[in-house]
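In this chain, residues are counted from 1 in sequence order. Counting starts at 1 for both ligands and their atoms, in listed order. It should be emphasised that the depicted structure is a prediction, and the values quoted were computed from it without experimental measurement.
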Amino acid sequence: DRRDGLGVYTADPYAYDRVLFNNENAVIIQDMFPKSSVHLLVLPKSKRNVLHPFKAFEDPELLADIKVEVERAKQMVASELRRKYGQFSKSEQARIQARDADDPPNVLPAGRDWMKEIITGIHAVPSMNHLHVHVMSKDMVNDCLTRSAHYNSFQTSFLVPLEEFPLPEDDPVRQIGYGPWHTVDLVCWRCKKNFSNKVTKLKAHLAEEHDQWKRE
Ligand code: 5GP
Ligand code: ZN
């Protein structure tokens, strides 16, 4: 089953170049069809990893362990963003210039906090069976993003942050299903401009926003 495709990474971590990190709790992998310029997945190894995430994360121990691994994945995404875009970012440039000055200041200006440029969460209705947490840059710029649902699945309450777990019994997020999130208007995450259902226009705009964002 195509939906079982993520199972191989926890079963045999050393067989795949996409596996960037491996410990007893989880593997951290590159998403094969990334929807942002940096897009990783945290895959728990727990036996509960075939349960729906709402059920799986009722286990406080699993939840606590995976929060640690998600934090680790965020650090990995942040350093990749610094590597890719640090040279363009004004705050990073100020830091580099101060550091390399003939008479460097005692206290360097802070570089950019790339940890703030990251989205994490779980899809309310995952398409893949094995438990996985998305950890990705905010930009939503990638050739693999071709459909409105790709965008909206990360930009609406369909993406459930790990902090919301364990979900209360009556949490409305439990009822999201394939509900209206799927067809809501496409809204730019950065300037909130509404692109209705025009995904090609949105993508062109996101590319411009990406160029500004990396220069912040
Ligand atoms: P979901 O919608 O289930 O939360 O997201 C599943 C994610 O897994 C998607 O972002 C998709 O691009 C990714 N994906 C699907 N198949 C594979 C695969 O075989 N390998 C990897 N590394 N990622 C995959
Ligand atoms: Zn915008």
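- For the Zn ion (ligand 2), the tally of protein N/O/S atoms lying closer than 2.8 Å stands at 4.
- In this structure, the protein non-hydrogen atom closest to atom 20 (N) of ligand 1 is Tyr9 OH, 2.7 Å.
- In this structure, Arg3 contributes its side chain and Ser127 its backbone to a donor-acceptor pair below 3.5 Å.
- In this structure, Lys214 forms a cation-pi arrangement with Phe88, its terminal cationic atom sitting closer than 6.0 Å to the ring centre and no more than 45° off the ring axis.
- Atom 22 (N) of ligand 1 has Gln30 O, 3.0 Å as its closest protein atom, hydrogens excluded (heavy atom only).
- Summarising the geometry of Asn23 relative to Arg72, their closest heavy-atom pair is ND2-NH2, 3.5 Å, with the distance given to 0.1 Å.
- Remark: minimum distance from atom 1 (P) of ligand 1 to any protein heavy atom is reached at His132 NE2, 3.1 Å.
- With respect to atom 14 (N) of ligand 1, the closest heavy atom belonging to the protein is Phe33 CD1, 4.0 Å.
- Identified under the side chain to side chain donor-acceptor pair (under 3.5 Å) test for residues 49-59, with sequence neighbours left out: Lys55-Glu58.
- Taking atom 11 (C) of ligand 1 as the reference point, the nearest protein heavy-atom neighbour is Asp31 OD1, 3.3 Å.
- The part of Leu41 lying near ligand 1 is the side chain, judged by heavy-atom distances below 4.0 Å.
- Atom 18 (C) of ligand 1 has as its closest protein heavy atom Met32 CE, 3.5 Å.
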Can you give the donor-acceptor pairs under 3.5 Å from side chains of residues 147-154 to other protein atoms, not counting sequence neighbours?
| from | atom 1 | to | atom 2 | distance (Å) |
| --- | --- | --- | --- | --- |
| His150 | ND1 | Thr146 | N | 3.2 |
| His150 | ND1 | Arg147 | N | 3.2 |
| Tyr151 | OH | Val187 | O | 2.7 |
| Tyr151 | OH | Trp189 | N | 3.0 |
| Asn152 | ND2 | Val184 | O | 3.0 |
| Ser153 | OG | His123 | NE2 | 3.2 |
| Ser153 | OG | Ala149 | O | 3.2 |
| Ser153 | OG | His150 | O | 3.1 |

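- Considering His123, Met128, His39 only, the shortest heavy-atom separation from atom 6 (C) of ligand 1 involves Met128.
- Considering only non-hydrogen protein atoms, atom 24 (C) of ligand 1 sits nearest to Leu6 CD2, 3.7 Å.
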Extract all donor-acceptor atom pairs below 3.5 Å that involve side chains of residues 8-17 and protein atoms in other chains or at least two apart in sequence.
| from | atom 1 | to | atom 2 | distance (Å) |
| --- | --- | --- | --- | --- |
| Thr10 | OG1 | Gly7 | O | 3.2 |
| Tyr14 | OH | Asn22 | ND2 | 3.3 |

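- Around CG of Asp100, the count of heavy atoms belonging to other residues, nucleotides or ligands within 6.0 Å exceeds 12.
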